[in-house]
Amino acid sequence: MNIKLPLLPYDYDAMEPFIDQNTINIHYNKHHKNYVDNANKILTNLPEFDNYSLEDLLKNINNIPLNKRIELKNNIGGHYNHLLFWYGLKQGTIISGKIKDMIEQNFGSIDNFKENFESSALSCFGSGWTWLIKTNDNKLKISSTSNQDNPIMGKSIVEVYGYPIFGIDLWEHSYYLKYQNRRIDYIKSFWYIINWDEANNRLNN
Ligand code: MN3
């Protein structure tokens with residue numbers, strides 16, 4: 001299996017002023033690319049997993065030999081999480097349709113959902129992600145994960161197992177140039193750049 005860094009679906013400045021172009025440029029070309037390069041180096045030595053898809057690998061991370069497992073988890077997790085992140089961003093979409101209905105059903109209101117999401121993201125200690133997750137019983141839940149873990153990795157790794165609808169990258173590399181220590185301002189800016197159309201697509205997936 002050879003992982004490729006896909007083209008960014010927009011220009012580096014497409015999320016201005018919420019995420020600055022310098023941050024997106026470095027985040028994509030250095031950080032994301034690094035996960036891809038590292039994952040490919042490890043996968044070269046795991047030919048028995050050649051026919052696995054990316055999601056299969058993440059779901060079966062516990063089948064990876066112990067001496068390569070953590071490093072692979074961090075790097076393919078990093079790749080997968082960043083794919084979700086980049087495609088999850090777009091300016092100007094409107095929350096509507098099934099995602100709106102399900103958020104209201106599960107959290108009472110959009111405002112209450114946002115408050116819960118912000119609070120989870122703010123209390124995520126160190127580097128990690130906060131996700132909106134569709135669980136197997138078709139509910140929406142918010143949960144944060146450490147490092148490059150992802151809700152599809154399974155119950156032995158994450159608290160809430162399920163399919164990620166969207167997530168916010170809380171590693172300092174995703175916001176520090178513009179926001180420094182003001183993580184809350186970065187989190188609040190996320191509401192202006194969520195791609196709600198993509199969220200609906202993933203919900204129906
Ligand atoms: Mn990142």
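Numbers here are sequence positions counted from 1.
- A donor-acceptor pair shorter than 3.5 Å cannot be found between the side chains of N116 and S119.
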Report task. Take L54 and L83 through the side-chain contact (heavy atoms from CB on, under 4.5 Å) test and state the conclusion after the steps. Result -> CA-CA 11 Å; L54 181 60; L83 288 179; 4.0 Å; yes
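- Around the NZ atom of K98, the shell of radius 6.0 Å holds more than 12 heavy atoms that belong to other residues, nucleotides or ligands.
- Within a 6.0 Å sphere centred on CD of E159, heavy atoms belonging to other residues, nucleotides or ligands number 12 at most.
- Of all heavy-atom pairs between N63 and F49, the closest is O-CZ, 3.5 Å.
- Between F107 and I142, the closest heavy-atom pair is CE2-CD1, 3.6 Å.
- Counting heavy-atom neighbours within 6.0 Å of E71 CD, excluding the residue itself, gives a total of 12 or less.
- Ring-plane geometry between Y28 and H32 is classed as perpendicular, the angle between the planes exceeding 60 degrees on a 0 to 90 degree scale with a lower cut at 30.
- Looking only at atom types and distance, the side chain of Y12 has a donor-acceptor partner in the side chain of N29 under 3.5 Å away.
- The side-chain heavy atoms of I133 and P151, taken from C-beta on, include a pair separated by under 4.5 Å.
- Side-chain atoms of C124 and R183, non-hydrogen and from C-beta on, do get closer than 4.5 Å to each other.
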Requested in this report: Under the side chain to side chain donor-acceptor pair (under 3.5 Å) rule, what do Q148 and N74 come out as? Steps first, then yes or no, please.
Outcome: CA-CA 5 Å; Q148 296 296 354; N74 288 340; over 6 Å; no
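- Environment of NZ in K68: crowded, with over 12 heavy atoms of neighbouring residues, nucleotides or ligands closer than 6.0 Å.
- Under the 4.5 Å side-chain criterion, counting only non-hydrogen atoms from C-beta, L203 is in contact with K134.
- Within the 4.5 Å cutoff, the side chain of N150 has heavy atoms near those of the P164 side chain.
- Clustering ILVMFWY residues whenever any of their side-chain heavy atoms sit less than 4.5 angstrom apart, transitively, puts I70 in a cluster other than the one holding I76.
- Taken from OH in Y35 to NE2 in H79, the straight-line distance is 12.5 Å, to the nearest 0.5 Å.
- Here I184 contributes atom CD1 and L122 contributes atom CG; the two are 4.5 Å apart, rounded to the nearest 0.5 Å.
- Side chain of N40 to main chain of I3: a donor-acceptor pair is present (N/O by atom type, distance under 3.5 Å, no hydrogens or angles).
- Side-chain contact check for S109 and N112: no donor-acceptor pair (N or O, by modelled atom type) lies under 3.5 Å.
- Considering CG of D149 and CG of L58, their distance stands at 10.0 Å, rounded to 0.5 Å.
- Looking at N34, its side chain never comes within 3.5 Å of a backbone N or O of K30 through a donor-acceptor pair.
- Remark: the backbone N or O of L140 is paired with a side-chain donor or acceptor of N106 at under 3.5 angstrom.
- For the 3.5 Å distance criterion, the side chains of E55 and Y80 qualify, holding a donor opposite an acceptor.
- To the nearest 0.5 Å, atom NZ of residue K178 and atom CD of residue E16 are 6.5 Å apart.
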Report task. Go through the steps for D20 and T23 under the test side chain to side chain donor-acceptor pair (under 3.5 Å), then give the verdict. Result -> CA-CA 6 Å; D20 57 293; T23 295; 2.7 Å; yes
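- Smallest separation of non-hydrogen atoms from G77 and M153: CA-CE, 3.9 Å.
- Annotation: side chain of L89 is not in contact with side chain of N195 (no heavy-atom distance under 4.5 Å).
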**Report entry** Intermediate values then yes/no, side-chain contact (heavy atoms from CB on, under 4.5 Å), I103 and I95
**Finding:** CA-CA 10 Å; I103 285 177; I95 181 168; 4.0 Å; yes
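- Among Y192, Y175, Y186, Y179, the single residue meeting the ring-ring contact (aromatic ring centres under 6.0 Å, His included) criterion with F18 is Y192.
- For the atom pair CG of L132 and CD1 of I99, the computed distance is 5.5 Å after rounding to the nearest 0.5 Å.
- Under the ring-ring contact (aromatic ring centres under 6.0 Å, His included) rule, F85 has a single partner from W131, F166, W129, W171, which is W129.
- N147 and S127 share no donor-acceptor pair across their side chains, judged by distance under 3.5 Å alone.
- Residues F125 and S146 have side chains not in contact (no heavy-atom distance under 4.5 Å, counting atoms from C-beta outward).
- Using a 4.5 Å heavy-atom cutoff, the side chains of L72 and L46 are in contact.
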Requested in this report: Begin from the C-alpha positions of I157 and K73 and carry the test side-chain contact (heavy atoms from CB on, under 4.5 Å) through to its verdict.
Outcome: CA-CA 10 Å; I157 292 173; K73 176 165 81 82; 4.0 Å; yes
Query raised in the report: L57 and I64: side-chain contact (heavy atoms from CB on, under 4.5 Å), yes or no, with the steps?
Result: CA-CA 8 Å; L57 272 175; I64 303 293; 4.0 Å; yes
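- Using modelled atom types, one finds a donor on one side chain and an acceptor on the other under 3.5 Å when comparing N205 with Y163.
- Looking only at side-chain heavy atoms (C-beta outward), I187 and T130 stay at 4.5 Å or farther from each other.
- D137 and T135 share a donor-acceptor pair across their side chains, judged by distance under 3.5 Å alone.
- Between E118 and K114 there is no salt bridge, since none of the side-chain N atoms of the basic residue sits less than 4.0 Å from a carboxylate O of the acidic one.
- Tracing side-chain contacts under 4.5 Å through hydrophobic residues (I, L, V, M, F, W, Y), one never reaches Y161 starting from I165; they form parts of separate clusters.
- Of all the heavy atoms in S144 and A121, the pair that sits closest is OG-N, 4.3 Å.
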Requested in this report: Could you check H27 against H173 for side chain to side chain donor-acceptor pair (under 3.5 Å), going step by step and ending with a plain yes or no?
Outcome: CA-CA 7 Å; H27 197 174; H173 66 229; 3.1 Å; yes
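- I26 and L8 fall into different hydrophobic clusters, where Ile, Leu, Val, Met, Phe, Trp and Tyr side chains are chained together by heavy-atom contacts under 4.5 Å.
- Salt bridge status for K41 with D37: absent, with no side-chain N to carboxylate O gap under 4.0 Å.
- Between F190 and G167, the shortest heavy-atom contact is CZ-O, 3.7 Å.
- In this structure, the separation between CG on D169 and NE2 on H31 is 9.5 Å, given to the nearest 0.5 Å.
- N62 and S156 get closest at one heavy-atom pair: ND2-OG, 2.7 Å.
- Placement of L177 and I193 in two distinct hydrophobic clusters is found when ILVMFWY residues are connected by side-chain heavy-atom separations under 4.5 Å, directly or transitively.
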